[in-house]
Amino acid sequence: MDEQVDVLIVGAGPTGLTLGLTLARYGVSFQIIDRKTTPSDNSRAIGIQPRTIEVFSRLDVAQEVLERARTIERGNLYFSGQLTAKLEFSKLVTPYPFVTLLRQNETEDILERALQKHGHVVKRGETLSSITQYPSRTIAHLTATDGRTRAVEAKYVVAADGANSSVRRMLALPFSGKSFKEAWVLADLKADWPISREEVHIFFSDL
Ligand SMILES: Cc1cc2nc3c(=O)[nH]c(=O)nc-3n(C[C@H](O)[C@H](O)[C@H](O)COP(=O)(O)OP(=O)(O)OC[C@H]3O[C@@H](n4cnc5c(N)ncnc54)[C@H](O)[C@@H]3O)c2cc1C
């Protein structure tokens, strides 16, 4: 066996990084891997909910997140171009009664640097290719981008590998939730428009 840890975290998105930071604070041994060679570069999880900031506060990263983010207290929902509903976040019962807007890659950057302060580095460019399960342990087989392989023995393998989880497929676990058959367009751009910049605007259409 190449290495042994208590927990192998598959995926260094916000979920995996937050778990890693939590385990680091409790002194649990772990490794965190991601098949991507570089951190993500787009906004994706840009709207952070108050509860997440509460969790970040316990992990000592909330302050930096709030310093780098924009916070928004109101939102607007439009259907086919018509303003249909208004959202008010300022009355939420939480120390952080607003939605925090920060690009996912920036959140990941803050979490990853916090992990580094605890002496942990994300092992990038490594893909979980298979798992062998035994009653009290697992053996995870990892493949690097250059083709090299290694095996890690872990008490737990945590699938933090996103919505199309490859770990879930490897274990033949069913997806018990429901997916929405909706098309979304993702673009990070600067908009020059007359509507308020102090509120979130979400547009739905039938197309
Ligand atoms: C257009 C769009 C808009 C969104 N807007 C919001 C929003 O406003 N607010 C919000 O909260 N969420 C939003 N989301 C959802 C958000 O992106 C996800 O909730 C978030 O990315 C989940 O984080 P995660 O860490 O669980 O997974 P991910 O960010 O998907 O990270 C999973 C990681 O696992 C790695 N990985 C996968 N398989 C393997 C493997 N076999 N071996 C090694 N590594 C692997 C991937 O490379 C990836 O880095 C949006 C998503 C999209 C697409």
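Remember, it's 1-based here, ligands and their atoms both numbered in the order they're listed. All residue numbers refer to positions in the sequence shown, counting from 1.
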Q) Hey, is the main chain of L142 close enough, under 3.5 Å, to the side chain of R148 for a donor-acceptor pair? A) no
Q | Under 3.5 Å: donor-acceptor pair, side chain of T138, backbone of A154 | A | yes
Considering only the protein, which heavy-atom contact is closest to [atom], and what is its distance?
atom	result
atom 17 (O) of ligand 1	Q104 OE1, 3.3 Å
atom 22 (C) of ligand 1	T15 OG1, 4.4 Å
atom 23 (O) of ligand 1	P14 CD, 3.5 Å
atom 31 (O) of ligand 1	G13 CA, 3.7 Å
atom 27 (O) of ligand 1	G162 CA, 3.5 Å
atom 47 (O) of ligand 1	D34 OD1, 2.7 Å
atom 44 (N) of ligand 1	R35 N, 3.1 Å
atom 6 (C) of ligand 1	R44 O, 3.2 Å

Q. Under 6.0 Å from the CZ atom of R58, do we count more than 12 heavy atoms belonging to anything else shown?
A. no
(Q) Would you say NZ of K155 has more than 12 non-hydrogen atoms from neighbouring residues, nucleotides or ligands within 6.0 angstrom? (A) no
List every atom of ligand 1 that sits less than 4.0 Å from any heavy atom of [X], numbering the atoms from 1 in the order shown and giving each element.
X	result
D161	32 (C), 34 (O), 36 (N), 37 (C), 38 (N), 39 (C)
A160	32 (C), 33 (C), 34 (O)
G11	33 (C), 34 (O), 35 (C)

Q. Of all the heavy atoms in E126, does at least one lie under 4.0 Å from an atom in ligand 1?
A. yes
(Q) Quick test of your reading of the model: are R70 and E198 salt-bridged, counting only N-O distances below 4.0 Å? (A) yes
Q. Any ion pair linking E108 and R44 (charged N to carboxylate O, less than 4.0 Å)?
A. no
Would you say [X] and ligand 1 have an N/O pair spaced under 3.5 Å apart?
X	result
L186	no
K36	yes
L128	yes
S166	yes

Q: Please report the C-alpha distance between F89 and F98 in whole Å, then the side-chain angles of each, then the deciding distance to 0.1 Å, and finally whether the ring pair (Phe, Tyr, Trp, His ring centres under 6.0 Å) criterion is met.
A: CA-CA 5 Å; F89 309 120; F98 41 75; 9.5 Å; no
Q: Give a yes or no on whether atom 34 (O) of ligand 1 lies under 4.0 Å from any heavy atom of the protein.
A: yes
Q | Option whose closest heavy atom lies nearest to atom 14 (N) of ligand 1, chosen from G16, S165, A45 | A | A45
Q) What distance do L102 atom CG and I53 atom CD1 have between them, rounded to the nearest 0.5 Å? A) 8.5 Å
Q: Supply the atom-to-atom distance R35 CZ to T145 OG1, rounded to the nearest 0.5 angstrom.
A: 13.0 Å
**Q.** Single hit among F180, Y78, F79 for ring pair (Phe, Tyr, Trp, His ring centres under 6.0 Å) with F204
**A.** F79
(Q) Using every non-hydrogen atom in the two residues, find where D188 and S43 come nearest and quote the distance to one decimal. (A) OD1-OG, 2.6 Å
